[in-house]
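Single-structure report; data block below.
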Amino acid sequence: MGLMYSWKFLSLVFVAVFANFNGLNYAEKAPKFSFIREATSAPEVSFYDYIIIGGGTAGCPLAATLSTGDAKVLVLERGGSPYTNTTKIRMENFLSTLSDNSPDSFSQAFISEDGVPNNRARVLGGGTVINVGFYGRAEPSFLKQAGVEEAAAKDAYAWVEKKVVHKPVAFEWQWAVRRGLLEVGVLPDNGFTYAHINGTKTSGTIFDTNGNRHTAADLLQYANPKRIKVYLHAVVHKITFATKDGSRPKAEGVIFYDANGRKHTAYLKKVSNRGSEIVLSAGAIGSPQLLMLSGIGPAAPLHSLGIKVVLDQPMVGQRMADNPLYGLIMPYTKSIPLSTATVVGILDKIYIETLNGYDFSSLSVGSAAPTQSSKPFQEASANSTTNLGFILGKFKGPISEGYLELQSTNVSDNPNVRFNYYQAEEDLRRCVHGMKTIINVLNSESLSRYRFRNTTTRELLEMMVNMQVNLRPRHPNATTSLEQYCIDTVMTFWHYHGGCRIGKVVDRDYKVIGVESLRVIDASTFAFSPGTNPQATIMMLGRSIGLRIRRSRRRRSNFLSYNFPLKVDKKKLFQAN
């Protein structure tokens with residue numbers, strides 16, 4: 001046992017040194033964007049064709065796309081830059097960066113009303129800066145629901161993949177679990193593919209072969225630097241509207257504050273009908289929150305907080321959903337290099353993936369009384385924090401839905417969110433199905449050489465129950481009933497969505513229904529979370545809808561040129577700010 005841990009120590013030292021070297025190397029190569037600045041340098045008043053609230057997974061590709069037309073684009077990001085400390089976004093630091101809740105962290109924690117800890121991205125690049133890195137395209141049914149043509153989606157995915165996606169190296173643990181999935185019947189073997197298809201496959205990752213993370217912020221390399229401005233630590237407090245009797249409210253600007261608390265206002269240019277717009281890309285939590293803070297939402301709760309109602313829209317913040325995470329942690333007997341998720345098993349509506357080598361105790365928010373376990377298992381749990389593999393899953397949907405509501409008028413306060421995990425019985429059945437598949441994989445011959453002898457499935461279940469991964473009560477039968485286990489140990493997959501659903505809050509062009517010059521483009525518009533990880537599809541959406549907006553602007557411009565000959569002074573007809 002001592003020899004094993006000596007080798008483990010040496011391997012960890014090697015990983016740390018190797019990571020440090022390559023982290024510095026990446027820091028030298030990290031994109032240096034002249035148009036990214038602190039919001040403290042922003043003018044008090046400014047004018048743009050497009051104002052994008054949120055420089056995240058959708059906002060960065062959207063901004064890059066719009067800036068390559070004839071428009072002047074502003075991006076307001078409430079967090080900092082991932083390029084200031086590239087060590088934090090390396091593969092070995094994934095879990096520590098995600099769980100960092102310090103004031104300047106890339107992640108803002110919140111606990112849902114269900115008692116489940118969660119995280120919101122607070123950094124340029126959004127969730128791609130703090131996620132597990134798995135990259136896979138959405139199933140075709142999602143594209144239909146999202147109103148994106150397959151050809152357009154394919155081109156947009158390829159555009160994203162050129163900058164941020166890599167083919168993973170052959171990690172030992174990933175391949176062991178891959179063999180286990182095939183062994184228990186998660187077939188066929190689909191090899192390496194980005195496609196979302198039934199069976200077992202290896203997919204893409206946003207970590208390169210040296211463990212450096214590439215994020216949606218890297219897509220700003222596509223931007224026209226002369227037509228884009230990105231302000232960091234720019235906290236948007238509200239969208240402002242111009243309203244006239246008998247006409248629909250029209251978004252006209254945003255009010256934001258910099259890190260020193262100084263107020264700034266950015267307005268849309270008043271250039272005829274060329275299509276200047278404000279776009280909310282603040283994420284599934286931030287976008288419905290900002291709509292309500294700006295007066296678009298259910299009238300009664302807004303009135304109670306003293307918010308002037310611009311549009312009574314009761315569906316803002318409704319039908320929120322989050323894919324519940326289920327799984328088991330397995331201590332293993334030998335040191336294995338860490339890896340994030342690159343392998344997935346897709347079985348109808350059940351998705352299984354894995355990662356290993358991290359200190360998963362950071363996922364715990366407390367501890368319960370220990371239970372009796374085998375001696376080898378006790379030794380592994382007590383002496384090793386990194387000799388652990390986590391096999392986890394989610395399922396398509398979910399069917400269960402909840403809501404988001406404001407708790408204050410301070411945009412920096414998290415809203416109250418309830419996801420109602422497992423409210424639908426079908427969701428619980430899918431979790432049990434997924435857990436049975438995970439247990440079969442852990443008991444497979446492929447994983448037998450990694451597993452401590454005489455360690456039982458019951459002990460693995462006890463390990464998760466004892467971790468207190470949420471604030472929900474524990475029941476005595478949580479280790480004997482998979483239904484109760486799913487309920488008691490539910491975690492987030494960080495794939496929350498809804499709150500600004502297509503057909504309810506926005507139309508199929510992502511325009512806010514009942515309002516002019518305002519769109520929402522992010523996961524808050526989704527009816528379900530696409531694929532195994534939604535990041536690929538959210539980046540694709542930013543690109544494809546950006547192209548759609550750009551084409552619409554070009555058509556408007558051509559229309560104006562056709563209807564107004566050159567001898568007419570357009571500046572006198574349409575005064576542009």
Side-chain angles (χ1 to χ4, degrees), residues 31-56 59-60 62-84 104 122-126 217 220-243 249-272 274-282 286-287 290 293-295 409-412 516-519 521 546 549-550 553 570-571 574-577:
K32 292 180 173 62
F33 300 116
S34 60
F35 51 81
I36 298 178
R37 301 177 184 177
E38 287 292 323
T40 50
S41 67
E44 187 175 337
V45 178
S46 55
F47 298 88
Y48 292 86
D49 296 295
Y50 295 103
I51 301 171
I52 300 171
I53 303 172
C60 285
L62 174 67
T65 300
L66 292 177
S67 73
T68 55
D70 64 351
K72 186 179 178 183
V73 180
L74 172 66
V75 179
L76 299 171
E77 169 52 49
R78 71 189 185 116
S81 167
Y83 305 121
T84 56
D104 295 324
R122 183 172 51 191
V123 60
L124 187 70
L220 292 172
Q221 293 175 64
Y222 284 118
N224 181 345
K226 296 180 179 180
R227 293 190 175 277
I228 187 173
K229 190 76 70 179
V230 178
Y231 287 127
L232 303 175
H233 300 109
V235 181
V236 176
H237 281 230
K238 66 182 296 186
I239 301 164
T240 62
F241 296 88
T243 56
K250 184 176 183 179
E252 64 173 0
V254 299
I255 296 170
F256 66 98
Y257 288 78
D258 62 30
N260 294 332
R262 182 170 165 236
K263 180 182 175 181
H264 305 260
T265 305
Y267 291 103
L268 292 178
K269 288 184 175 182
K270 297 185 178 72
V271 186
S272 69
R274 297 184 71 189
S276 296
E277 293 177 323
I278 295 171
V279 183
L280 261 172
S281 292
S287 287
L290 268 170
L293 288 172
S294 304
T409 57
N410 185 346
V411 70
S412 296
E516 299 290 339
S517 302
L518 181 62
R519 299 192 202 222
I521 302 175
I549 295 171
R550 206 175 70 187
R553 181 179 178 85
K570 295 180 188 177
K571 289 184 179 180
F574 305 112
Q575 290 297 322
N577 288 313

Could you work out, with side-chain hydrogen bond (donor to acceptor under 3.5 Å, both in side chains) as the rule, every residue matching [X], not counting sequence neighbours?
X: Thr68; value: Arg550
X: Arg227; value: none
X: Thr65; value: Arg543
X: Glu277; value: Arg519

List for me each residue that meets side chain to side chain contact (heavy atoms under 4.5 Å, CB included) alongside [X], sequence neighbours excluded, and say none if there are none.
X: Tyr222; answer: Ala64, Trp159, Lys162, Lys163, Leu219
X: Glu516; answer: Arg248, Lys250
X: Thr84; answer: Ser81
X: Lys226; answer: Asn224

Taking ring pair (Phe, Tyr, Trp, His ring centres under 6.0 Å) as the test, write out the residues that go with Tyr231, two or more places apart. none

Considering residues at least two apart in sequence or located in another chain, which fulfil the ring pair (Phe, Tyr, Trp, His ring centres under 6.0 Å) criterion with Phe241? none

Atom pairs and distances, side-chain donor-acceptor, residues 36-48, under 3.5 Å, sequence neighbours left out:
from	atom 1	to	atom 2	distance (Å)
Glu38	OE1	His233	ND1	2.9
Glu38	OE2	His233	ND1	3.2
Ser41	OG	Glu38	O	2.8

Less than 4.5 Å apart, side chain to side chain, heavy atoms only: is that true for Pro31 and Leu220? no

Ser287 and its side chain to side chain contact (heavy atoms under 4.5 Å, CB included) partner, picked from Ile521, Leu280, Ile53: Leu280

